[in-house]
J.: 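Mind looking over this structure? Questions follow.
In this text the structure is predicted, and so the values were computed from the model without any measurement. Here is how names work: the chains are called A, B, and so on, in the same order as the sequence lines, proteins then strands, and each is numbered from 1.
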Number of protein chains: 2
Amino acid sequence: MILKNVSVDCVIFGFQNDKINVLLWQAQPGLLKKFLTNTQEYEESKEIFDKNPALKSDQFWGLIGTHLPTDDDLDDYAKKILKVATGLKDIFLKQFQTFGSKDRVPHMRVLTVAYYALINPEYHNLELSSIAKSVKWFEIDKLPELIFDSKEIIFRALKTLREEVQYHPVGFHLLPEKFTLTQLQTLYEVILDKQLDTRNFRKKIQNMGLLIDTNEKQTNVAHRAAKLYSFDVKIYNQLKEEGLNFRI
Amino acid sequence: MILKNVSVDCVIFGFQNDKINVLLWQAQPGLLKKFLTNTQEYEESKEIFDKNPALKSDQFWGLIGTHLPTDDDLDDYAKKILKVATGLKDIFLKQFQTFGSKDRVPHMRVLTVAYYALINPEYHNLELSSIAKSVKWFEIDKLPELIFDSKEIIFRALKTLREEVQYHPVGFHLLPEKFTLTQLQTLYEVILDKQLDTRNFRKKIQNMGLLIDTNEKQTNVAHRAAKLYSFDVKIYNQLKEEGLNFRI
DNA sequence: ACAAAAGTGTTACAGATACACCCATGT
DNA sequence: ACATGGGTGTATCTGTAACACTTTTGT
């Protein structure tokens, strides 16, 4: 059984071409089978689908998510959605808001518990995704037509990310395991939508003790090769708890 | 109609006797009428009540809340709960998390969308509450036996408040309209659970431009009377948006 | 040699911390 | 006059902001 009044949606952010991207899908009943493996759950969800023209249209994209099965923990199910959609697990995923306006979905009363996730789409190339072919990255400022209040949810997620990033070092999740300081700086510039001073940024980041010098360098770049860093998971977890002042 | 799988609960924080307090109730079917004015909604909710022994016991207290009526906006309904429980409106109320573990409520699948509110119980004496007699303040470290996962929800709310208070000047909501700097400092000391330096605290607060000197003083105190301040709503709103660094 | 991005240091300023005594009021 | 909490200033330290040139690499 699924809960007809509750859906779980994930706003999956990626960082690509120096832009923030969002992973979206055009949900089709067939795809639901990947999430709702129980036949009855699938049938129930399909029925809801059939009732809602927006969900059957080819024109509209939406957030990746489904109704919540009765027997799944909320947080676990969000992880499952992420896993099926991207093939990835153990990545940053956070519940940030539940949307519950009365008329947000036509003809139905649905609350959506929304999560946002951060992944690096170059590093994680979605090969493992069960629905890779039905899913697409969109730059945050070039979103397609979206169903329901997906757009609002995306921008609330972005706002939450922008706040979060100021006090917690979450931004690292959007980078490959080994990254340059310039990449890191660009990431922060894009998220915060402002220019940062290179020297000051480097000083601040390096003083945090979060970076590990991998002793490797970029190769095949037509300029001085940058050092590659990874970040120290132990110190990251510590700082995450303490609520480091990460304002930049 | 109500949504059988969704409840809305409010963690109502007050500041009294230099302690953080929480407003709780022992829900009884009769009280539900104050919230669920539609007869059918009341009956549905009562039925759920009757099924759950914990809700009928005299021993257990719980968070104030009910199932969500089908025709209410989620946020509006949280406001309504607060209004009925305390008689107050236009006070600080924030959705902070949705709890959705599978077995958090016995025999039923219920997600709880949790909000927390900040009020000053001395100033707002609950006279206007429709259910004042059925409601009681508890000090945060002297909580009674609580139903379901209410305790977890309360402590998650407290954690959220502790984080929030570091970056946004929310603490003001817990004080009377006119307050002394010592009261404000004590409030922060209690919320953050650490001692603060008086001189530095005052300097910091006063530099924020958030305080208005009312030119009044305490009366009938057996020591030098403290100045009373109120706070500047306009600047408050501004700072709230900007995400002021309020670390103390 | 040139283009392109990486990398680096100093000075000035603002905010944070540490710390101890006098002041006003009621009993 | 005394008990109680209110109220204040300064010196030091730490972190932030502003700012321009040299280095490395591939073509």
J.: Can you tell me how far C1' of D/dG7 sits from CD of B/Gln183, to the nearest Å?
T.: 16 Å
J.: Calculate the interatomic distance between A/Gln195 atom CD and D/dA17 atom C1'; express it in whole Å.
T.: 15 Å
J.: Please state how far atom CG in B/Leu196 lies from atom C1' in C/dA16, giving the value in whole angstrom units.
T.: 13 Å
J.: Given B/Asn200, which of B/Lys203, B/Lys204, B/Arg202 fulfils the side-chain hydrogen bond (donor to acceptor under 3.5 Å, both in side chains) condition?
T.: B/Lys203
J.: In whole angstrom, give the distance that lies between atom CZ of B/Phe179 and atom C1' of D/dG6.
T.: 16 Å
J.: Using only side-chain N and O atoms of A/Lys204, determine if any of them is under 4.0 Å from OP1 or OP2 of D/dT16.
T.: yes
J.: Taking only residues two or more places apart in sequence, or in another chain, which ones meet B/Lys94 in a side-chain hydrogen bond (donor to acceptor under 3.5 Å, both in side chains)?
T.: B/Glu164
J.: What is the distance, to the nearest angstrom, from the CZ atom on B/Arg202 to the C1' atom on C/dA16?
T.: 18 Å
J.: Please state how far atom CZ in B/Phe201 lies from atom C1' in D/dG7, giving the value in whole angstrom units.
T.: 14 Å
J.: Over how many whole Å does the gap from B/Lys194 atom NZ to C/dA18 atom P extend?
T.: 11 Å
J.: Which of parallel (below 30°), tilted (30 to 60°) and perpendicular (above 60°) describes B/Phe35 and B/Trp25?
T.: perpendicular
J.: Determine: side-chain N/O of B/Thr182 to OP1/OP2 of D/dG6, distance under 4.0 Å, yes or no.
T.: yes
J.: Restricting to side-chain contact (heavy atoms from CB on, under 4.5 Å), what partner residues turn up for A/Asp213, sequence neighbours left out?
T.: A/Asn215, A/Lys227, A/Tyr229
J.: Tell me: CG of B/Asn207 to P of C/dA16, nearest whole Å?
T.: 8 Å
J.: Between B/Leu143 and B/Phe155, is the side chain to side chain contact (heavy atoms under 4.5 Å, CB included) condition met? List the steps.
T.: CA-CA 11 Å; B/Leu143 294 176; B/Phe155 283 99; 3.8 Å; yes
J.: Quick one, give me the B/S/- string for nucleotides 19-27 of chain C, reading 5' to 3', where B means a protein heavy atom under 4.0 Å from the base and S means that only happens at the primed atoms, P, OP1 or OP2.
T.: BB--BBBS-
J.: So with a 6.0 Å cut-off around CD of B/Glu139, is the heavy-atom count from everything else above 12?
T.: yes
